[in-house]
Amino acid sequence: MSVQCLFLRLVLQGVSLRGVPRVLAIVTEALDWELPIPHWTTGRLWLLRLGHALLTMALEQAEDWAWIIDHSVQIGKDKCLVILGIRLSKLPERGACLRHTDMHLIALVPRESWTRQEVDQELEAASKRTGIHASSWTITASILRAG
């Protein structure tokens with residue numbers, strides 16, 4: 001297993017970025033491995049690259065995408081428009097919970113404030129990534145803009 005995989009696995013398990021090198025140092029010493037221990041900022045760069053890849057990867061073009069749209073996430077002065085999607089054909093079986101691993105990040109766009117036109121532009125861009133026609137998200141967009 002590569003150092004990158006170990007680093008990401010630890011972060012996904014809830015270990016802080018600064019804590020991962022310490023955990024890796026303990027594990028490599030206990031197992032007598034000769035692995036270089038990356039600085040925590042290296043792990044941060046790996047996560048940023050992973051996030052970028054998720055935001056730019058090609059998504060299946062299909063009519064059965066369902067979106068969850070939220071624009072209440074605030075980071076400092078910016079409000080983020082978040083669009084998560086799942087193919088209806090790939091929903092978990094009845095009785096099973098929807099997990100974050102079932103979802104695809106379609107858009108994550110920060111802005112200080114949002115206008116109707118800006119929301120429309122982002123929804124249009126998201127529709128091009130997934131293949132949903134504009135009529136599919138018109139009702140959702142009007143609710144989003146009204147809220």
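Computed from a predicted model, the values in this text were never measured in an experiment.
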Could you walk me through whether His104 and Met57 pass the side-chain contact (heavy atoms from CB on, under 4.5 Å) test, one step at a time?
CA-CA 10 Å; His104 295 275; Met57 74 178 193; 3.9 Å; yes
Is any side-chain heavy atom of [X] less than 4.5 Å from a side-chain heavy atom of [Y]?
X: Leu24; Y: Leu35; value: no
X: Leu84; Y: Leu105; value: yes
X: Asp102; Y: Pro92; value: yes
X: Arg111; Y: Leu81; value: no

Gap separating the CD1 atom of Ile26 from the CG atom of Leu31, nearest 0.5 angstrom:
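The distance works out to 11.5 Å.
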Flag yes if more than 12 heavy atoms outside Leu88 fall under 6.0 Å of its CG atom; otherwise flag no.
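Count over threshold, so yes.
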May I ask you to check whether over 12 heavy atoms, not counting those of Gln74, lie within 6.0 Å of atom CD?
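Atom CD in Gln74 is packed in, count exceeds 12.
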Looking at Lys79, is its backbone amide N or carbonyl O close enough to the side chain of Trp114 to form a donor-acceptor pair, meaning the two atoms are under 3.5 Å apart?
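Pair found, side chain donor or acceptor close to backbone of Lys79.
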Ignoring hydrogens and geometry, is there a side-chain-to-backbone donor-acceptor pair from Glu34 to Thr28 under 3.5 Å?
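Such a contact is absent between Glu34 side chain and Thr28 backbone.
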Starting from the C-alpha separation in whole Å, work towards a yes-or-no answer on side-chain contact (heavy atoms from CB on, under 4.5 Å) for Asp70 and Ile68.
CA-CA 7 Å; Asp70 184 16; Ile68 297 174; 5.6 Å; no
With hydrophobic residues grouped by side-chain heavy-atom distances under 4.5 Å, do Leu45 and Leu17 end up in a single group?
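Leu45 does not cluster with Leu17.
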Hey, any chance Leu54 and Leu48 share a hydrophobic cluster, counting ILVMFWY side chains that come within less than 4.5 Å of each other, even indirectly?
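Shared cluster, no.
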